[in-house]
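Note that this is a predicted model, so its numbers are computed, not measured.
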Amino acid sequence: MQPDLPEDLSFMKGNNLWLVNTSHESESYFVTEEKEELEAILGIRNIKIKQK
């Protein structure tokens, strides 16, 4: 039984999605083309990343 909490919490930057979570698939997506953000995300220790 799942708790009564949001499952697919996502974040927006301005009017655009920035971090999208799909909990039942155990996946998250960052939506950005900003080099600094990509470097910061890729620099997170122990993060598992699949790039499209």
Side-chain angles (χ1 to χ4, degrees):
M1 178 182 274
Q2 297 176 345
D4 190 22
L5 298 170
E7 288 186 31
D8 296 329
L9 186 62
S10 296
F11 295 90
M12 298 185 73
K13 188 173 184 180
N15 291 326
N16 300 310
L17 285 171
W18 180 73
L19 173 60
V20 180
N21 294 292
T22 307
S23 59
H24 67 277
E25 296 288 339
S26 299
E27 294 182 345
S28 297
Y29 300 91
F30 286 98
V31 183
T32 184
E33 293 183 8
E34 294 184 28
K35 183 178 178 179
E36 296 81 18
E37 286 183 348
L38 293 170
E39 289 173 351
I41 294 164
L42 293 172
I44 297 172
R45 187 170 32 122
N46 296 325
I47 193 169
K48 295 178 184 177
I49 296 177
K50 291 183 186 177
Q51 295 181 355
K52 284 188 171 186

Peer 1: Which residues pass the ring-ring contact (aromatic ring centres under 6.0 Å, His included) test with Phe11, not counting sequence neighbours?
Peer 2: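 In terms of ring-ring contact (aromatic ring centres under 6.0 Å, His included), with neighbours along the sequence ignored, Phe11 is linked to no residue.
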Peer 1: Under the salt bridge (Lys or Arg N to Asp or Glu O under 4.0 Å) rule, what pairs show up with a residue in residues 13-23, not counting sequence neighbours?
Peer 2: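 Non-adjacent pairs meeting salt bridge (Lys or Arg N to Asp or Glu O under 4.0 Å): Lys13-Glu34, Lys13-Glu37.
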Peer 1: Does Glu33 have any side chain to side chain contact (heavy atoms under 4.5 Å, CB included) partners at least two apart in sequence or in another chain, and if so, which?
Peer 2: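 Expected list: none.
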Peer 1: Can you list the residues that meet the side chain to side chain donor-acceptor pair (under 3.5 Å) rule with Ser23, with sequence neighbours excluded?
Peer 2: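 Ser23 satisfies side chain to side chain donor-acceptor pair (under 3.5 Å) with Asp8 once adjacent residues are dropped.
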Peer 1: Can you tell me which residue pairs pass the salt bridge (Lys or Arg N to Asp or Glu O under 4.0 Å) test with a partner in residues 16-27, sequence neighbours excluded?
Peer 2: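 Those involving residues 16-27 do not exist here.
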Peer 1: Output all residues satisfying side chain to side chain contact (heavy atoms under 4.5 Å, CB included) with Val20, sequence neighbours left out; order by chain, then residue number.
Peer 2: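 Partners of Val20 by the side chain to side chain contact (heavy atoms under 4.5 Å, CB included) criterion, ordered by chain and then number, come out as Ser10, Leu17, Tyr29, Val31.
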Peer 1: Which residues pass the side chain to side chain contact (heavy atoms under 4.5 Å, CB included) test with Leu38, sequence neighbours left out?
Peer 2: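 Leu38: side chain to side chain contact (heavy atoms under 4.5 Å, CB included) contacts with Thr32.
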Peer 1: Find the distance between CD1 (Ile41) and CD1 (Ile47) and round it off to the nearest 0.5 Å.
Peer 2: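 Spacing of CD1 (Ile41) from CD1 (Ile47) equals 7.0 Å.
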Peer 1: Taking only residues two or more places apart in sequence or in another chain, which ones pass side chain to side chain contact (heavy atoms under 4.5 Å, CB included) with Glu39?
Peer 2: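 Checked Glu39 against side chain to side chain contact (heavy atoms under 4.5 Å, CB included); matches are Lys35.
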Peer 1: Please list, chain by chain and in numerical order, all residues satisfying side chain to side chain donor-acceptor pair (under 3.5 Å) with Ser28, sequence neighbours excluded.
Peer 2: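 Once residues adjacent in sequence are excluded, the partners of Ser28 under the side chain to side chain donor-acceptor pair (under 3.5 Å) criterion are Asn21.
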